Amino acid sequence: MNGDDHEYEHSPLSGTFSRDAESVDVEIYRLAGTQDPWRLGVIDLSSGGSTVWQETYATDQEAYDAFTAMVEASGLAPFLGRRPEALN
């Protein structure tokens, strides 16, 4: 998700999320070995496009909840077929 040469810790909440025959990869991550806030990104598995939130989260659960709230409000359409973009 980032072009930096850093190692990242990925939350166990990261992974593939599917709805209505569409799938995205949810990435919840932070710099490895730190207590930095969590970051959230979503990758469209069909196009490779990604969406990254600029906001950070105190916990990985808060990041996942932000993702699921958006899915409940708008479905997966905002994440499908997009070029890289920052949200929030």
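Note that the structure is a prediction, hence the values are computed from the model and not measured. This chain uses plain numbering: 1 for the first residue, then up along the sequence.
In this structure, the side chains of Val42 and Trp53 come closer than 4.5 Å at one or more pairs of heavy atoms.
Each salt bridge (charged side-chain N to carboxylate O under 4.0 Å, His left out) pair with one or both residues in residues 9-20, not counting sequence neighbours, appears once here: Glu9-Arg30, Arg19-Glu72.
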Quick one, Ser14 with Ile28, criterion side-chain contact (heavy atoms from CB on, under 4.5 Å). Give me CA distance, side-chain angles, the key distance, then yes/no. CA-CA 5 Å; Ser14 295; Ile28 301 170; 3.7 Å; yes

Does the side-chain contact (heavy atoms from CB on, under 4.5 Å) test come out yes or no for Leu40 and Tyr29, once each step is laid out? CA-CA 7 Å; Leu40 171 62; Tyr29 60 97; over 6 Å; no

Worked check of side-chain contact (heavy atoms from CB on, under 4.5 Å) between Trp38 and Thr56: CA-CA 6 Å; Trp38 292 92; Thr56 58; over 6 Å; no

Between Thr51 and Ile43, is a side-chain contact (heavy atoms from CB on, under 4.5 Å) present by the stated rule, with each step listed? CA-CA 7 Å; Thr51 305; Ile43 300 169; over 6 Å; no

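Here Leu45 pairs with Thr16, Ser23, Asp25 under the side-chain contact (heavy atoms from CB on, under 4.5 Å) rule; sequence neighbours left out.
Contact record, Glu22 with Leu76: O-CD1, 3.5 Å, taken as the closest heavy-atom pair. Considering every non-hydrogen atom in both Asp44 and Phe79, the closest pair reads CB-O, 3.3 Å. Summarising the geometry of Leu31 relative to Thr34, their closest heavy-atom pair is O-OG1, 2.8 Å, with the distance given to 0.1 Å.
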Below 3.5 Å, can you tabulate the donor-acceptor pairs from side chains in residues 63-70 to any protein atom, sequence neighbours excluded?
residue : atom : partner : partner atom : Å
Asp65   : OD1  : Gln61   : NE2          : 2.8
Thr68   : OG1  : Tyr64   : O            : 3.3
Thr68   : OG1  : Asp65   : O            : 3.1

